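Heads up, the thing below is written out as structure tokens.
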Amino acid sequence: MPEGHVLHRLADELTCAFGGRRPRISSPQGRFAAEALLLDGTTLRQASAVGKHLFIDFEDERVVHIHLGLIGRMAIGPVGPVVGQVRLRLATDTIAADLRGPQGCRLTDPDHAAAMVARLGPDPLDPAADPDILLDHVRRLRRPVATVLLDQGVLAGVGNVYRAEVLFRLGLDPLTPAAALPADTWRALWDDLVLLMAEGKRLGRIDTVRPAHTPEAMGRPPRVDDHGGEVYVYRRTDQPCLVCGTPIRRRDLAGRNLYWCPTCQGGR
DNA sequence: CGAGCATGGTGAC
DNA sequence: TCACCCTGCTCGA
């Protein structure tokens, strides 16, 4: 689940449900119990997201920093019994937010939060982000564009699905060195990520087939991916490319699965 | 029912 | 580059 759009959506939902209120805070699992006790009964100001990092601001300069990692998730819904390992629960009389399996959930302060954000590259979901920072950065990088897209210090919030999909949509060979791509191409990558991730946040799922160019325009019907969104290449190994019919390929790159169409995106 | 895997990141070598 | 962490789902026995 968790690429940047999930965290931004979550931040909005948390602010909406708990902003300005004093939710009950607990850690049924116990691993955040001391911190939960400290925060319980204090006012939650607002939640925000930068890249894949989620920050929940409370009064008295207290900030909860959450990173979902690969398997973490936060479920917001009607209050019910605690099910499974819940690291953190925020609850009013009617709504509960349950955090499970996060890579990190820590109590920190605004300075530390700012320091973490300072290490991240521009976030396509941040309206104030400056893509020129990205363009300057990638000019000096020889690593493959596919590797660079997942580097949160270069670009914040992109995960494995958006990486595969944006490279397909722009017809780029994933192994092209980042610095070998013209600035215009990087600008186009940025612009497409802004579009796709905003759509992802709005819909609550990743759908890369419909937004910019319709499947009709590309001569093929849409396909619905098992994961709930419509995608061109992500996890479609050996299935025909929706544009040219060539079997989609998969390989390991720096420990992550990479998916691409060898015809639409050049050799290799 | 157990193994393997997943949209991520860290820390040791 | 690798082992490892965390949860929950799917797949094959």
Side-chain angles (χ1 to χ4, degrees), chain A residues 1-11 27-33 49-55 64-77 82-89 97-106 108 112-113 115-121 123-125 143-144 146-169 174 192-193 196-209 224-238 248 250-260:
Chain A
M1 286 285 289
E3 298 200 23
H5 68 298
V6 171
L7 283 300
H8 282 263
R9 186 180 171 85
L10 212 41
S27 177
Q29 178 205 48
R31 295 180 58 175
F32 196 67
V50 182
K52 298 169 188 169
H53 297 258
L54 176 65
F55 300 98
V64 174
H65 171 227
I66 293 169
H67 197 292
L68 294 180
L70 183 59
I71 62 175
R73 55 192 62 197
M74 185 173 250
I76 303 177
V82 171
V83 177
Q85 300 288 307
V86 175
R87 181 81 58 90
L88 168 66
R89 166 173 276 201
D98 285 346
L99 174 67
R100 293 184 180 82
Q103 174 173 110
C105 175
R106 292 196 175 81
T108 181
H112 185 237
M116 307 205 47
V117 169
R119 289 200 289 271
L120 300 172
D123 179 348
L125 283 174
R143 295 139 66 209
T147 304
V148 168
L149 284 172
L150 288 187
D151 185 336
Q152 302 298 298
V154 176
L155 193 58
V158 177
N160 209 9
V161 184
Y162 282 123
R163 157 173 90 164
E165 295 298 303
V166 77
L167 287 171
F168 176 86
R169 284 162 57 94
D192 205 35
L193 286 168
L196 291 178
M197 294 177 74
E199 185 79 345
K201 178 182 174 185
R202 192 176 67 77
L203 294 174
R205 63 174 198 164
I206 296 177
D207 189 335
T208 62
V209 175
V224 177
D225 166 78
D226 289 345
H227 293 62
E230 293 180 2
V231 292
Y232 286 107
V233 294
Y234 178 71
R235 275 204 164 195
R236 295 195 62 246
T237 312
D238 295 334
I248 297 303
R250 186 205 68 82
R251 64 162 279 187
D252 186 278
L253 181 65
R256 305 297 302 280
N257 287 320
L258 174 67
Y259 305 88
W260 81 106

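Proteins get letters first, then strands, A, B, ... in listed order; numbering begins at 1 in each. Keep in mind the model is a prediction, meaning the values are calculated, not measured. Both backbone and side-chain heavy atoms feed into the values below; hydrogens, waters and symmetry mates do not.
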Inset, instruction - Kindly assign one of parallel, tilted or perpendicular to the pair A:H53 and A:H67, based on the angle between their ring planes and the thresholds 30° and 60°. - result: perpendicular

Legend entry - Under 4.0 angstrom between A:R73 side-chain N/O and C:dG8 OP1 or OP2: no

Inset, instruction - Could you tell me whether the phosphate oxygens of B:dA6, OP1 or OP2, come under 4.0 Å of any side-chain nitrogen or oxygen in A:N257? - result: yes

Inset, instruction - Please report, rounded to the nearest Å, how far the P atom of C:dT7 is from the CG atom of A:L68. - result: 13 Å

Inset, instruction - Provide, to the nearest angstrom, the distance between the CZ atom belonging to A:R235 and the C1' atom belonging to B:dT7. - result: 9 Å

Inset, instruction - Quote, to the nearest angstrom, the C1' distance that separates C:dT1 from B:dT7. - result: 22 Å

Legend entry - Distance in angstrom units between A:R163 CZ and B:dA6 P, rounded: 12 Å

Inset, instruction - Would you kindly give the CZ-to-P distance between A:R143 and C:dT1, to the nearest whole Å? - result: 12 Å

Legend entry - Nucleotide of C:dC6, B:dG9, B:dT7 approaching A:R87 most closely (side-chain heavy atoms): C:dC6

Legend entry - Euclidean distance, A:M74 CE relative to A:I66 CD1, rounded to 0.5 Å: 4.0 Å

Legend entry - Length of the CG-P vector between A:L54 and B:dG9, whole Å: 14 Å

Inset, instruction - To the nearest Å, give me how far apart CZ (A:R31) and P (C:dC6) are. - result: 5 Å

Legend entry - Short side-chain N/O contact from A:Q85 to OP1 or OP2 of C:dG8, under 4.0 Å: no

Inset, instruction - Return no unless some side-chain N or O of A:Y162 is found under 4.0 Å from OP1 or OP2 of B:dT7. - result: no

Legend entry - Under 4.0 angstrom between A:R205 side-chain N/O and B:dT7 OP1 or OP2: no

Inset, instruction - Could you tell me whether a side-chain N or O of A:E165 sits under 3.5 Å from a main-chain N or O of A:V231, the two making a donor and an acceptor? - result: no

Inset, instruction - Could you work out the separation of B:dC1 and C:dC6 based on their P atoms and round it to a whole Å? - result: 23 Å

Legend entry - Among B:dT10, B:dA6, B:dT7, the one nearest A:V161 by side-chain distance: B:dT7

Inset, instruction - Name the nucleic acid region contacted by A:Q29, choosing base, sugar-phosphate or nothing; use a 4.0 angstrom heavy-atom cut-off, strictly under. - result: sugar-phosphate

Legend entry - Value in whole Å for how far the C1' atom of B:dC5 lies from CG of A:L70: 9 Å

Legend entry - Point-to-point distance, once rounded to the nearest 0.5 Å, from CD of A:E3 to NE2 of A:H8: 12.0 Å

Legend entry - 5′-ward residue of the pair A:L150/A:I71 relative to DNA chain B: A:I71

Inset, instruction - Fit a plane to each ring of A:Y232 and A:F168, take the angle between them on a 0 to 90° scale, and name the class: parallel (under 30°), tilted (30 to 60°) or perpendicular (over 60°). - result: parallel

Inset, instruction - Please tell me which of the listed nucleotides, B:dT10, C:dT7, B:dT7, lies nearest to the side chain of A:Q103? - result: B:dT10

Inset, instruction - Provide the distance between the two C1' atoms, one in B:dT10 and one in C:dG8, to the nearest whole Å. - result: 22 Å

Legend entry - Length of the NZ-C1' vector between A:K201 and B:dT7, whole Å: 18 Å

